[in-house]
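Here is the structure we will look at.
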Amino acid sequence: MKNLKLKSARAAKDMSQQALADAVGVSRQTVNAIEKGDYNPTINLCVAICRVLDKTLDELFWEE
Amino acid sequence: MIETHSTEYVIGMLCGFIFVILLVIIIAILRKGNKEKCHFDERQQSARGRAYQIGFFTMMIYFGIYGLVDMLGVVWCETSIGLFIGILIGVAVFALTAIRNDAYLAINENIKTFSALGIIVVVVETVVTVLDFLDGSIIDNGKLTTNSIGMFVGLLWLVILAALSVHNYRIKLTETADKE
């Protein structure tokens, strides 16, 4: 399932996939795979992404 | 009958092995200092693990078939080259699987440096293979000889470079699509 919440949070911060990838220390393709729902990140990576985007885990990764 | 080699041949082979080992150690030391810059992220590590697995099982299947063909009395190459081809097939499958999942090169690894190295290897191996073909030392009595190793190494690098080029082209296309 696509992670549209992550994509919109990134866009709200005016960050490209590459900028987010550099900030959390992964490749751009990894960020792309997470947004597309092709890859489930570890909790460590989820936390790192949340810190960069100033969001909580629930806000970005909890599915209703 | 045991095949014997001249002293010069044995010394040459030993020097070759020592050179390769030293080269690997030097590259490992140089890469250690660059560890923070070049690393594989968690998705890449996972994809590489899967690629190693597929490469290993492909190699096992090849050796099974190679052994079976050998048992049936069909000898198409020297034993050493038969084994070496198996290793190269395993490496090729690993590389292609890893490239497909964007996990072959580390983050921030310079693809141009890697490609330059690959092109040098391909050119050198092509020259060596052509020279070996001209003096007829690649095939002896209908069997591939150890002199054909260079040809297969060159072929492996060529496949890796081609796969990397195609993959990079696809990445650029998706980058453009993501920006739009």
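What you see is a predicted model, and the numbers here were worked out from it, not measured in a lab. Numbers restart at 1 for each chain; the letters A, B, ... are given by sequence-line order, proteins then strands.
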Check whether A:Lys7 reaches the backbone of A:Lys36 with its side chain - one donor and one acceptor, N or O, closer than 3.5 Å. no
Any residues in residues 38-51 of chain A near chain B, with a heavy-atom distance under 4.5 Å, and which are they? A:Tyr39, A:Pro41, A:Thr42, A:Leu45
State whether a side-chain donor-acceptor pair under 3.5 Å links B:Ser137 with B:Asn147.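 Side-chain D/A pair, B:Ser137 to B:Asn147: present.
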Pair A:Gln17, A:Asn32: side-chain N/O donor-acceptor within cut-off below 3.5 Å: yes
Run the ring-centre check on B:Phe152 versus B:Trp157 and record whether the distance is less than 6.0 Å.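 Here the rings of B:Trp157 and B:Phe152 have centres that are no less than 6.0 Å from each other.
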Decide, yes or no, whether a salt bridge links A:Asp22 with A:Arg28 under the criterion of side-chain N to carboxylate O below 4.0 Å. no
Side chain, backbone, both or neither: which part of A:Ala21 has an atom under 4.5 Å from a heavy atom of chain B? neither
Interface check, chain B: of A:Ser16, A:Ala33, A:Gly25, A:Ser27, most non-hydrogen pairs under 4.5 Å belong to A:Ser27
Hey, could you give me the CD1/OG1 distance between B:Ile119 and B:Thr126, rounded to the nearest 0.5 Å?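 So the CD1 of B:Ile119 and the OG1 of B:Thr126 are separated by 11.5 Å.
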Contact summary for B:Gly150 and B:Glu125, nearest pair of heavy atoms: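 Closest approach of B:Gly150 to B:Glu125: CA-OE1, 3.1 Å.
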If you take all heavy atoms of B:Gly118 and B:Leu161, which pair is closest and at what distance? C-CD1, 3.7 Å
Does the side chain of A:Leu53 reach to within under 4.5 Å of the side chain of A:Leu6, using non-hydrogen atoms?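 Side chain of A:Leu53 against side chain of A:Leu6, heavy atoms only: contact under 4.5 Å found.
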A side-chain contact here means heavy atoms from C-beta on lying under 4.5 Å apart; do B:Ile171 and B:His167 qualify?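 Of all side-chain heavy-atom pairs linking B:His167 with B:Ile171, at least one is under 4.5 Å.
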Determine which residues belonging to residues 43-68 of chain B lie within contact range of chain A, meaning some heavy atom pair is under 4.5 Å apart, and list them by number or answer 'none'. B:Arg43, B:Gln44
